[in-house]
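First, the structure itself, so that you have it in front of you.
None of the values given here were measured: they were computed from a predicted structure. Below, chains carry the letters A, B, ... as their sequence lines are ordered, and counting in each starts from 1.
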Amino acid sequence: MTVNTELVEYISELSRLELQCGEKQDMTAQLEQIIAYMDVLNRLDTQGVEPMSHVFPVKNVLREDDVVPSQDRAALLAGAPVPDGEAFLVPKAVE
Amino acid sequence: MELTKLTALELGAAIKKGEVSVKEAAQAALDAVAAQNKELNAFITVTSERALNRAEKLQAGVKDAESPLYGVPMAIKDNICTRGVKTSCASKILGDFAPPYDASVVERLADMGAVSLGKLNMDEFAMGSTSETSFYGPVRNPWDLERAPGGSSGGAAAAVSAGLGWYAIGSDTGGSIRQPASYCGVTGMKPTYGTVSRYGLIAYASSLDQIGPLCRDAADCAAILDVLQGRDPKDGTSLDGQYGNLLGSLTGDVQGFKIGLPVDCYGDGLDGEVRASVLAAADVLRARGAEVVELSFPVMEYVVPAYYIIAAAEASSNLSRFDGVKYGWRAEGYESLDGLYRKTRTQGFGSEVKRRILLGTFVLSSGYYDAYYRKALQIKAVVKDAFDKAFHQCDMLLTPVAPATAPKLGESLSNPLQMYLSDVYTVPVNLAGLPGLSMPCGFDSKGLPIGAQLIGPHFGEGRLLNAAHAFQLDTDYHKRTPKGGDPA
């Protein structure tokens with residue numbers, strides 16, 4: 001697996017991160033090293049092994065649909081960088 | 001009585017008997033924090049006034065208190081939400097964010113009668129093995145200030161080790177409680193996945209994260225887990241179980257316990273002094289009546305890559321919520337919504353966090369998903385299966401916690417892959433959702449603490465704590481304190 005700057009640019013774009021020039025080169029080299037090491041997994045034949053996302057066979061956890069108070073809006077907005085009285089403010093997203 | 005040298009249970013008993021007031025205990029801890037935190041950098045936020053007010057209020061309830069830990073001051077890792085108290089995850093991107101609610105574990109501790117001294121430093125978003133990636137600067141190891149305390153719960157381990165509070169609440173995604181406990185000479189436990197609510201724990205890798213205690217000894221860990229464990233409807237992965245009475249069932253009797261030594265954990269890459277100390281711990285348990293057997297655990301070479309693929313994948317998804325809109329800090333000088341996201345995330349995350357987000361985005365991206373992410377989930381099943389086989393041959397496993405003792409500050413930052421590899425003994429426990437305990441088992445020739453790890457089957461906390469308690473009845477490694485920790 002080769003990791004080049006084009007690939008790092010592509011995944012940075014998906015991650016909404018902008019790497020500066022030197023940072024991009026360092027990251028490319030480090031990711032190349034890390035991903036090369038991860039290829040050790042190919043030594044183990046896992047054909048037929050079911051991928052495991054959860055160690056306990058717990059499925060469809062259901063609960064009663066009880067109405068409980070939700071968080072206080074003013075308290076939630078107080079933690080935001082730019083709130084107004086009732087919403088999070090961001091630059092205009094649709095024309 | 002040297003208050004800061006007591007265990008949490010000893011202090012709790014002294015408070016109950018009226019020998020010490022809750023406020024005196026809180027003041028003693030705050031004095032220790034004032035004297036040492038500048039050097040150790042274990043705390044990000046110290047809530048002195050809150051702690052003293054709370055201590056005063058609690059004093060009236062001492063007589064009727066049910067918990068043996070009532071009134072005992074402690075501190076909380078900074079990735080666990082505390083209402084009205086800054087919770088930063090040691091990241092710039094959360095700014096001075098003060099959550100509008102308490103994590104479920106914080107509620108449980110408050111109901112029990114805990115006094116919080118503040119919030120503990122850590123690796124940014126719990127991503128790191130040395131507590132050096134914090135936006136608030138590195139934590140130092142109380143045993144040697146030039147060395148790292150381990151991570152990511154490094155502030156928690158350093159604080160407990162140096163006497164800045166009697167216990168701490170940390171989180172463990174790949175060893176983040178056990179490894180710093182080992183480097184700082186304290187006892188720490190990552191419980192079975194699903195037994196402690198994660199509601200209010202800022203997520204790193206949700207399928208692996210678990211909250212647990214860092215303490216002076218195994219008995220304290222048992223007492224705290226009795227408070228922390230239990231089903232929580234607010235956490236969908238929380239499990240029903242028989243909780244409570246871990247402390248009550250500590251007998252120190254390990255007669256007939258079968259302890260497995262996985263030979264694959266004692267091979268190349270393990271420091272000789274660490275190996276000798278951990279094997280000597282097996283001898284102590286054998287002398288108390290346990291049977292020690294060697295067995296094979298043939299999946300060790302796959303655990304680190306599988307862990308980092310899964311953890312990074314989940315991190316890339318979990319950390320997408322940090323975008324400068326809903327909480328914390330926002331960059332300046334953006335022109336569009338997309339620009340706001342990019343600028344905030346680029347300037348708000350440190351480089352280790354960016355590395356893991358990028359790695360996670362890569363392993364989940366189209367064309368690579370099957371080769372990396374799906375493969376890692378298959379390896380997870382293989383690791384779980386290997387543990388199941390091991391627990392047919394023994395009751396618990398004894399391994400090192402880390403391949404070596406605490407590294408010098410700065411050594412790990414230059415080589416991320418090297419740092420990842422040092423997590424080899426702790427990550428398999430998270431992949432399989434098992435309980436794991438780290439206990440001090442010796443010191444190397446540099447005077448640095450060495451830790452031994454006990455791993456049990458799901459819900460096996462009771463036996464692990466009993467084995468650790470038995471070990472601590474016959475040894476005094478857990479009682480030693482760093483020089484800097486001696487009150488003047």
Side-chain angles (χ1 to χ4, degrees), chain A residues 1 3 7-8 10-20 23 26-28 30-31 33-44 46-56 58 61-64 66 71-83 88-94, chain B residues 95 97-101 193-194 207 233 236-237 239 299 301-302 305-306 308-309 316 320 323-330 334-343 345-346 349 351 354-355 357-359 361-362 365 372 374-382 384 416-417 420 431-433 458:
Chain A
M1 175 73 217
V3 178
L7 179 64
V8 172
Y10 170 64
I11 55 178
S12 305
E13 177 65 25
L14 293 176
S15 311
R16 298 293 182 268
L17 291 169
E18 287 167 1
L19 301 181
Q20 303 311 312
E23 202 183 2
D26 288 351
M27 201 62 92
T28 305
Q30 286 162 350
L31 287 175
Q33 194 193 11
I34 293 164
I35 291 164
Y37 167 65
M38 285 171 170
D39 287 335
V40 68
L41 295 185
N42 295 327
R43 286 193 213 152
L44 191 69
T46 50
Q47 202 159 19
V49 177
E50 188 66 24
M52 177 183 274
S53 47
H54 199 298
V55 284
F56 292 102
V58 180
V61 179
L62 301 174
R63 61 172 168 77
E64 291 304 308
D66 294 330
Q71 292 281 349
D72 176 61
R73 184 171 68 180
L76 289 175
L77 288 170
V82 189
F88 303 114
L89 294 188
V90 296
K92 194 171 175 183
V94 279
Chain B
F97 173 66
Y101 70 99
Y193 184 82
S207 76
T237 58
L239 297 171
V299 296
E301 68 175 311
Y302 309 113
Y308 274 94
I309 288 169
S316 71
S320 63
D323 55 8
V325 175
K326 299 179 288 299
Y327 9 64
W329 179 83
R330 178 185 289 191
Y334 49 84
E335 279 161 6
S336 62
L337 183 58
D338 195 55
L340 155 64
Y341 295 156
R342 287 166 193 277
K343 285 213 147 128
R345 290 167 61 80
T346 298
F349 289 135
S351 60
K354 285 181 192 163
R355 196 174 296 121
I357 290 174
L358 292 172
L359 181 61
T361 304
F362 167 75
S365 64
Y372 293 95
R374 191 173 183 278
K375 181 83 182 182
L377 291 183
Q378 289 177 311
I379 302 283
K380 178 173 170 166
V382 170
K384 162 87 167 43
L417 181 57
Y420 299 173
L431 286 173
H458 291 135

Exercise. Considering only heavy atoms, which portion of B:L431 lies under 4.5 Å from any heavy atom of chain A: side chain, backbone, both, or neither?
Worked result: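 Backbone of B:L431 only, per the 4.5 Å heavy-atom cut-off to chain A.
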Exercise. For chain A, which of B:K326, B:R374, B:E301 has the most heavy-atom pairs under 4.5 Å?
Worked result: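 The answer is B:K326.
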Problem set entry | From A:L19 atom CG to B:R355 atom CZ, the distance as rounded to the nearest 0.5 Å |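 Rounded to the nearest 0.5 Å, the CG-CZ separation comes out at 10.5 Å.
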Exercise. Considering only heavy atoms, which portion of A:L44 lies under 4.5 Å from any heavy atom of chain B: side chain, backbone, both, or neither?
Worked result: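 When you check distances to chain B, atoms from both the backbone and side chain of A:L44 fall under 4.5 Å.
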Problem set entry | Any donor-acceptor N/O pair, B:Q378 side chain to A:V49 backbone, under 3.5 Å |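 Checking the backbone N and O of A:V49 against the side chain of B:Q378, a donor-acceptor pair under 3.5 Å is found.
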Problem set entry | chain A contact via B:L340 - side chain, backbone, both or neither, heavy atoms under 4.5 Å |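 The answer is the side chain of B:L340.
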Exercise. Which bit of B:S207 is near chain A, if near means a heavy-atom gap under 4.5 Å: side chain, backbone, both or neither?
Worked result: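 Interface part for B:S207: side chain.
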Exercise. Is it the side chain or the backbone of B:Y302 that comes within 4.5 Å of chain A heavy atoms, both, or neither?
Worked result: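 Both the backbone and the side chain of B:Y302 come within 4.5 Å of chain A.
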Exercise. In Å, rounded to the nearest 0.5 Å, how long is the span from OH of B:Y101 to CG of A:D72?
Worked result: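 Result: 15.0 Å between the selected atoms.
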Problem set entry | Heavy-atom proximity to chain B below 4.5 Å, by part of A:Q71 |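 Just the side chain, heavy atoms under 4.5 Å.
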Exercise. Given that the side chain runs from C-beta out, which part of B:K354 has a heavy atom under 4.5 Å from chain A: side chain, backbone, both or neither?
Worked result: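 When you check distances to chain A, atoms from both the backbone and side chain of B:K354 fall under 4.5 Å.
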Exercise. Is chain B contacted by the side chain of A:Q33, its backbone, both, or neither, given a heavy-atom distance below 4.5 Å?
Worked result: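 Contact with chain B: backbone and side chain both.
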Problem set entry | Taking every non-hydrogen atom, the tightest pair across B:P305 and A:V40 |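 Heavy-atom minimum between the residues: CG-CG1, 3.4 Å.
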Exercise. Non-hydrogen atoms of chain B under 4.5 Å away: do they reach the side chain of A:M27, the backbone, both or neither?
Worked result: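 Just its side chain gets close to chain B.
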Problem set entry | Between B:D323, B:L239, B:V299, the one whose heavy-atom pairs under 4.5 Å with chain A are most numerous |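 Of the candidates given, the most pairs with chain A belong to B:L239.
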Problem set entry | side chain to side chain contact (heavy atoms under 4.5 Å, CB included) assessment of B:F362 paired with A:L7 | CA-CA 9 Å; B:F362 167 75; A:L7 179 64; 3.7 Å; yes
Exercise. Among B:S365, B:G328, B:S336, which residue forms the greatest number of heavy-atom pairs with chain A at distances under 4.5 Å?
Worked result: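 Most heavy-atom pairs within the cutoff with chain A belong to B:G328.
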Exercise. Would a distance-only check, ignoring hydrogens and angles, find a side-chain to backbone donor-acceptor pair under 3.5 Å from A:S15 to B:L358?
Worked result: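 Not confirmed, A:S15 side chain does not pair with B:L358 backbone.
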Exercise. Considering only heavy atoms from C-beta outward, does the side chain of B:I357 approach that of A:R16 to under 4.5 Å?
Worked result: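 Side-chain contact under 4.5 Å: no.
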For this session: Might you point out which heavy atoms bring A:M38 and B:Y372 nearest each other, and give the distance in Å?
Result: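 Closest approach of A:M38 to B:Y372: CB-CE2, 4.3 Å.
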Exercise. What class does the angle between the rings of A:H54 and B:Y193 fall in, given that below 30° is parallel, 30 to 60° is tilted and above 60° is perpendicular?
Worked result: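 Perpendicular: the ring planes of A:H54 and B:Y193 meet at over 60°.
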Problem set entry | Shortest non-hydrogen separation from A:G79 to B:F97 and the atoms involved |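 Nearest pair, atom of A:G79 first, then B:F97: O-CD1, 4.0 Å.
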Problem set entry | Structural part of B:Y308 lying under 4.5 Å from a heavy atom of chain A |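 Both the backbone and the side chain of B:Y308 come within 4.5 Å of chain A.
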Problem set entry | Residue pair B:K380 / A:V55, side-chain heavy-atom distance below 4.5 Å |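 Heavy-atom side-chain distance check passes, below 4.5 Å.
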Exercise. Of all of A:K92, A:E13, A:Q20, which one pairs up most often with chain B through heavy atoms under 4.5 Å apart?
Worked result: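 Highest number of heavy-atom pairs under 4.5 Å: A:E13.
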Problem set entry | Contact winner vs chain B - A:A78, A:A93, A:P91, heavy-atom pairs under 4.5 Å |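 Answer, by heavy-atom pair count under 4.5 Å with chain B: A:P91.
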Exercise. Could you go step by step and tell me if B:R330 and A:V90 meet the side chain to side chain contact (heavy atoms under 4.5 Å, CB included) rule?
Worked result: CA-CA 11 Å; B:R330 178 185 289 191; A:V90 296; 4.0 Å; yes
Exercise. For A:L89, is it the side chain, the backbone, both or neither that has a heavy atom under 4.5 Å from a heavy atom of chain B?
Worked result: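 A:L89 touches chain B through backbone heavy atoms alone.
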Problem set entry | Winner by heavy-atom pair count (cut-off under 4.5 Å) against chain B, out of A:L41, A:I34, A:L14 |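 Sorted descending by pairs with chain B, the first entry is A:L41.
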